[in-house]
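The structure displayed is predicted, hence computed values, not measured ones.
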Amino acid sequence: MKSVGVWIGVISICICLVHGFFTGQSIVHSLVLHPIVLLASLSLLAFSYRKRTVGNSGSKHQEGYCERAKPFVQTKLNQANAAREKGDVKAEFKHLEDAHVIGQRSTHLHTLVHWQMLVFGVRYRILNEVIGQSVRILGAITKTAVGLLPHGNTGGSNVSAFKSMPISEQNQIVLAKINAKK
């Protein structure tokens, strides 16, 4: 099944790029539809090859990290959903930021959290967040496995994608628990 996802992703990317260069479509079509198709294709590739990507970096620690961090990230995503249901937009995004800090050492979790932030941006029609998360998803897919991560970055488009940030005491406790499970 993984190979089917990989092939669909690769073919979609090729079609998107070729179509964009050789057709006379409108600028809206090229600027809106093509990035969406490209983003969906790259996301499919990332999730299809999640374990292989981590394994290729030579770090079994990262693969184990994903499994150890997953319950903590899922808890934060559940808290974000609960905040959304209560109408608390600020708390929703804060939980997504916490999930980012906790999961950013795993390609899978890092990409998943950025995807959720993109959905947040679309849901609340925050153009800056949609554009920022589209770029950050590509970064999460390509940079996480090789360790190019700004320490403690909260992942929102309201901060530089390259800025290291202090980690909250609450998230330091969670990270200590994850690292203690080695």
Side-chain angles (χ1 to χ4, degrees), residues 2 5 39 42-124 126 129-130 132-182:
K2 284 184 180 183
L39 185 60
L42 289 171
S43 297
L44 180 61
L45 281 172
F47 290 114
S48 295
Y49 255 148
R50 167 177 76 92
K51 289 192 179 195
R52 185 171 181 184
T53 303
V54 171
N56 285 344
S57 72
S59 174
K60 290 293 180 187
H61 172 72
Q62 274 188 331
E63 188 171 337
Y65 184 87
C66 180
E67 296 308 314
R68 294 189 312 270
K70 189 181 284 186
F72 296 100
V73 171
Q74 189 58 55
T75 297
K76 288 296 182 179
L77 294 177
N78 291 344
Q79 290 172 340
N81 287 335
R84 183 183 75 246
E85 290 171 1
K86 291 178 184 174
D88 191 345
V89 177
K90 233 178 205 179
E92 178 183 358
F93 197 73
K94 174 67 174 120
H95 291 303
L96 292 174
E97 289 177 322
D98 288 343
H100 180 269
V101 171
I102 295 166
Q104 78 180 121
R105 288 180 44 204
S106 158
T107 302
H108 173 70
L109 297 175
H110 194 187
T111 306
L112 175 65
V113 172
H114 279 298
W115 177 260
Q116 293 298 319
M117 288 179 164
L118 174 66
V119 170
F120 173 91
V122 170
R123 179 181 299 118
Y124 297 109
I126 306 169
E129 199 66 43
V130 171
Q133 293 309 323
S134 298
V135 172
R136 283 167 172 78
I137 287 171
L138 296 175
I141 292 168
T142 60
K143 307 292 186 271
T144 304
V146 293
L148 295 175
L149 304 167
H151 182 74
N153 188 287
T154 55
S157 64
N158 58 332
V159 297
S160 168
F162 307 105
K163 181 180 180 181
S164 290
M165 301 170 73
I167 298 175
S168 71
E169 189 175 321
Q170 179 186 5
N171 285 337
Q172 286 179 10
I173 292 168
V174 170
L175 292 170
K177 289 178 184 177
I178 293 167
N179 291 326
K181 291 183 179 183
K182 289 182 194 175

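For the atom pair OG of S168 and CD of E97, the computed distance is 10.0 Å after rounding to the nearest 0.5 Å. Atom NZ of residue K76 and atom CG of residue N171 lie 6.0 Å apart, to the nearest 0.5 angstrom. Note: I102 CD1 to R68 CZ = 13.5 Å, rounded to the nearest 0.5 Å. Here the NZ-CG distance, from K143 to L149, works out to 11.0 Å after rounding to the nearest 0.5 Å. Summarising the geometry, atom OH belonging to Y65 is positioned 4.0 Å from atom CD1 belonging to I178; distances are rounded to the nearest 0.5 Å. With rounding to the nearest 0.5 angstrom, the CD1 atom of I137 is 11.5 Å from the OG1 atom of T142.
Residue pairs satisfying the ring-ring contact (aromatic ring centres under 6.0 Å, His included) criterion with at least one member in residues 81-101, sequence neighbours excluded, are listed as follows: F93-F120, H100-H110, H100-H114.
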Chi angles and distances behind the side-chain contact (heavy atoms from CB on, under 4.5 Å) call for R105, L175: CA-CA 11 Å; R105 288 180 44 204; L175 292 170; 5.7 Å; no
Audit row: L96, L77, side-chain contact (heavy atoms from CB on, under 4.5 Å) steps and yes/no: CA-CA 6 Å; L96 292 174; L77 294 177; 3.7 Å; yes
Intermediate values then yes/no, side-chain contact (heavy atoms from CB on, under 4.5 Å), N153 and R136: CA-CA 12 Å; N153 188 287; R136 283 167 172 78; 5.5 Å; no
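Between T154 and M117, the closest heavy-atom pair is O-CE, 3.3 Å. Between A140 and T111, the shortest heavy-atom contact is CB-OG1, 3.7 Å. Between G132 and S157, the shortest heavy-atom contact is CA-CB, 4.0 Å.
Looking at residues two or more places apart in sequence or on another chain, you find a side chain to side chain donor-acceptor pair (under 3.5 Å) between N78 and Q74. In this view, T75 and Q79 satisfy the side-chain contact (heavy atoms from CB on, under 4.5 Å) rule, not counting sequence neighbours. Among residues two or more places apart in sequence or in another chain, the side chain to side chain donor-acceptor pair (under 3.5 Å) test is passed with N81 by R84. Scored by the salt bridge (charged side-chain N to carboxylate O under 4.0 Å, His left out) test, E129 finds no partners at all (sequence neighbours excluded). Looking at residues two or more places apart in sequence or on another chain, you find a side-chain contact (heavy atoms from CB on, under 4.5 Å) between S164 and P150, H151.
Side-chain contact between E92 and R123 is present, with heavy atoms from C-beta onward closer than 4.5 Å. Residues L118 and V130 meet the side-chain proximity criterion, which asks for heavy atoms closer than 4.5 Å. Annotation: side chain of H108 is not in contact with side chain of V73 (no heavy-atom distance under 4.5 Å).
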